[in-house]
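Read through the structure below, which is laid out as structure tokens, and then see the notes.
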Amino acid sequence: MNTMSINVADQRTVAPPAEAGFFSGPGSRARFGWLHRTSLPSTGVGLIIVPPFGYEAVCAQRSMRHLAEAAAHAGITAVRVDLDGSGNSAGDDLDPDRVDGWLASIDDACELALGAGANRLVLVGVRLGATLATLAALRRNDIAGIVAIATVPSGKALLREGRILQMTLGLTPAPAASAALDDVHELVGFALTAQTREALSQIDLLKLTQAPATAMLLLDRDDLAANDAWAAHLRSLGAKVDQRRLPGYVDMVLDPHRAQVPQAIIDATVRFAATRPASTRHLFQHDVAVLERRRELRHAEASIVEEMVALDDCLFAIATYPLGAPRRAVILLNAGAVGHIGPNRLHVILARQLAAAGDLVLCLDVSGIGDSRQRAGAGENVVYSEHAVADVGVAVDWVRRAGAAQVAVVGLCSGAYHALRAALAGQPIDRVVAINPLTFHYKPGMSLDFADFRLAEDAMRYQKSITSGASWQKLLRGKVDLARVARVFLYRTRAAITRPLREVLRRLHVPFGDDLGSELDALAGHGIALRFIFAADDPGQKVLMEQGGSVVPKLVSTGRLRIQTISGADHTFTARWTHPILLDAISEALER
Amino acid sequence: MSENAAKIRTVLKEHARLNRDADTLSDDSDLYQAGMTSHASVNVMLALEGEFDIEFPDHMLKRSVFESVGAIVSAIDELTEGR
């Protein structure tokens, strides 16, 4: 069926890369993944990479890609999979039967690897992914080996760790009026229903009654006690177990812009996989002639299409669009180093909502972030990349050629910055929706310690502390960093003194550097709608008001600039009760 | 410094990823302001459970219990009382 109404296919001007995204699974339940083909003589091994859950998967995404690439360079066919209801796969955390859905996703990936020429399979999983890989192997009889990274053998213990983490976030609880789901436990922006928790709590890998594979590599964390009991149990079941404690897990799941690729873990995994002996069983080999690059799905009673697109030889995006002609295009940019699914997977949800309402939505990974390659000579995982503005330009050009008459660019944090900068660079953008920008004039190498947003943040905190008895007691006990308070005061005083001078220069049309007010004025003058959304305690709004000066209220009064504020949210809208509020705010910012 | 406090500081050095030496912090210094992230605090809790052979009950799984050396000492004293 060819119902595509936008001119996507003609725009694929580059050769398919060694790695290619695909959709698999039943028609109504598309599961997204990546196949990394090897260009070397194949070892015959297919490596299925099972990610951890939720925010850990977001943080570890780059490491999982590096693992797949390292495997492909060692003659292994690697498959990365977005588990059912996660990433760009269909569904979400609130769906029933999550564990079965996740295991089915691993099965799909196994079949795809076999179809791509693998004759023996190795599963590798991280944390919950390791648990699922173990359970998936028990359902099959063709798994030659398992690599279990940072495994928590007890489902109850894994759930408890999640509960601890969620509580330490100290998020603002949902207002009484909001529709919180009683049976849902939040986990850093993601969710576990009562049914999912019950299913996970039944899992105890120490009680397995058969070995999931003949060979297992247990890569335990080097900062906590090793999984000796599980290793002993697996050996008692007849598995050949290699157990090691390696560094890397903790740094792999830091926030995405800080996360490090765990090279020792990758090297050990690839070595293990590459040396699995060939199976004596006859395995049918198929040939995957064509990977499915697009899927039609139902959302909000509308039929929409999701399609992976290569915008050029670096840039990857997921295009989500209606069957009919799109009314406009919305480009969603990375928030920091979070991949194209967006913080808390909100880009996927938003893209499906908007596409169902008639928009073409492009969830873009700018170069060097997520699944987009870095530009020649540029670094990977650079949040404020000098190439980002040009990358946005490529995306804008793509959606324009796809038939969009109106283009909005939406971004959070660095995404907001890049959206504004792209508009200032003269790219044909009609609307910018900037969410929680922290800076308006980023300088490479700038110290974040005394950046404007940090100073504003500190000033807001000091202001609150003035009325706090505990803060005064702390001061009297000499527990306050007075040097920092003094420096913040000094910087803020200097800014306060220069602000009126900047206003005068602006009114006299005397140009001066980094003049946000003039920049906003120029954008509005070109008819670009400027929409800002701020979490109430985020420092960006204060920076906007101070650096934009009198231009901000002037543009607000004419409706050319609008500001929405959301109380109780953190910088990345982690608490799930804030998600619908943010999505509504974005929808409103796109319309008004 | 009590024996427990010394052990806690050792755990903090290994797991909290503070931006300063744990020995230079006072008992009521805010560990989160000293650079401990939420993820790091989970590692701290798990390491404390291993070090003291305890399990923090649900009512203690909150940010305030782990925000300073002093708060952690109080929690561990409560859990190991009578041993």
Side-chain angles (χ1 to χ4, degrees), chain A residues 52 54-56 58-60 127 150 152 154 156-173 185 187-189 221-226 228 247 249-256 258-260 449 457-458 461 465 470-471 473-474 477-481 484 570 572 574, chain B residues 7-72 74-76 79:
Chain A
Y55 188 63
E56 283 187 339
V58 171
C59 300
R127 298 271 285 173
V152 182
S154 157
K156 281 183 183 156
L158 191 63
L159 287 169
R160 182 167 178 271
E161 283 186 27
R163 214 163 58 243
I164 295 170
L165 177 58
Q166 180 65 22
M167 285 187 230
T168 60
L169 293 177
L171 298 175
T172 306
H185 282 188
L187 183 52
V188 198
R221 297 170 60 164
D222 69 338
D223 60 326
L224 294 177
D228 294 338
Y249 164 74
V250 172
D251 288 329
M252 173 170 63
V253 295
L254 294 175
D255 288 336
R258 293 199 176 93
Q260 302 293 316
D449 209 26
E457 198 172 39
D458 282 351
R461 202 175 63 243
S465 299
S471 298
Q473 283 177 15
K474 212 171 160 186
R477 285 202 309 271
K479 304 293 183 192
V480 173
D481 183 355
R484 174 153 189 100
D570 66 357
T572 52
T574 306
Chain B
K7 283 183 180 175
I8 290 165
R9 286 177 193 279
T10 302
V11 167
L12 290 172
K13 278 183 196 176
E14 290 175 6
H15 298 276
R17 298 183 162 228
L18 302 173
N19 52 25
R20 68 192 81 159
D21 187 339
D23 285 338
T24 66
L25 294 169
S26 65
D27 277 1
D28 62 353
S29 292
D30 188 322
L31 297 174
Y32 293 99
Q33 278 193 19
M36 184 169 74
T37 64
S38 292
H39 275 89
S41 69
V42 175
N43 296 337
V44 166
M45 284 182 223
L46 296 173
L48 288 169
E49 291 188 335
E51 178 66 36
F52 291 96
D53 192 23
I54 54 170
E55 184 169 311
F56 291 106
D58 276 6
H59 75 269
M60 282 189 176
L61 299 182
K62 50 192 175 192
R63 195 176 168 93
S64 59
V65 170
F66 300 93
E67 69 184 2
S68 68
V69 173
I72 298 172
S74 299
I76 287 176
L79 293 174

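Numbered from 1 within each chain, the chains take letters A, B, ... in sequence-line order.
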Looking at every non-hydrogen atom in both residues, tell me the closest pair between A:Arg160 and B:Phe56 and how far apart they are. NH2-O, 2.7 Å
Between B:His15 and A:Asp223, which heavy-atom pair has the shortest distance, and what is it? CE1-O, 2.6 Å
Let me confirm one number: the CZ-CG distance from A:Arg221 to B:Leu46, rounded to the nearest 0.5 Å. 6.5 Å
Go through B:Leu61, B:Val65, B:Asp58 and name the one with the most non-hydrogen pairs under 4.5 angstrom from chain A. B:Leu61
Return the CD to CG distance between A:Glu161 and B:Asn43, rounded to the nearest 0.5 Å. 8.0 Å
For B:Glu49, is it the side chain, the backbone, both, or neither that has a heavy atom closer than 4.5 Å to a heavy atom of chain A? side chain
Minimum heavy-atom separation for A:Leu254 to B:Arg17, with atom names? CD1-NH1, 4.1 Å
In this structure, are over 12 heavy atoms from other groups packed under 6.0 Å from A:Lys156 atom NZ? no
Measure the NE2-CG distance between B:His39 and A:Leu169 for me, rounded to the nearest 0.5 Å. 8.0 Å
Name the one of A:Leu165, A:Leu171, A:Val188, A:Thr574 that satisfies side-chain contact (heavy atoms from CB on, under 4.5 Å) with B:Ser38? A:Leu165
Smallest separation among heavy atoms of A:Leu224 and B:Ala47, with atom names: CD2-N, 4.1 Å
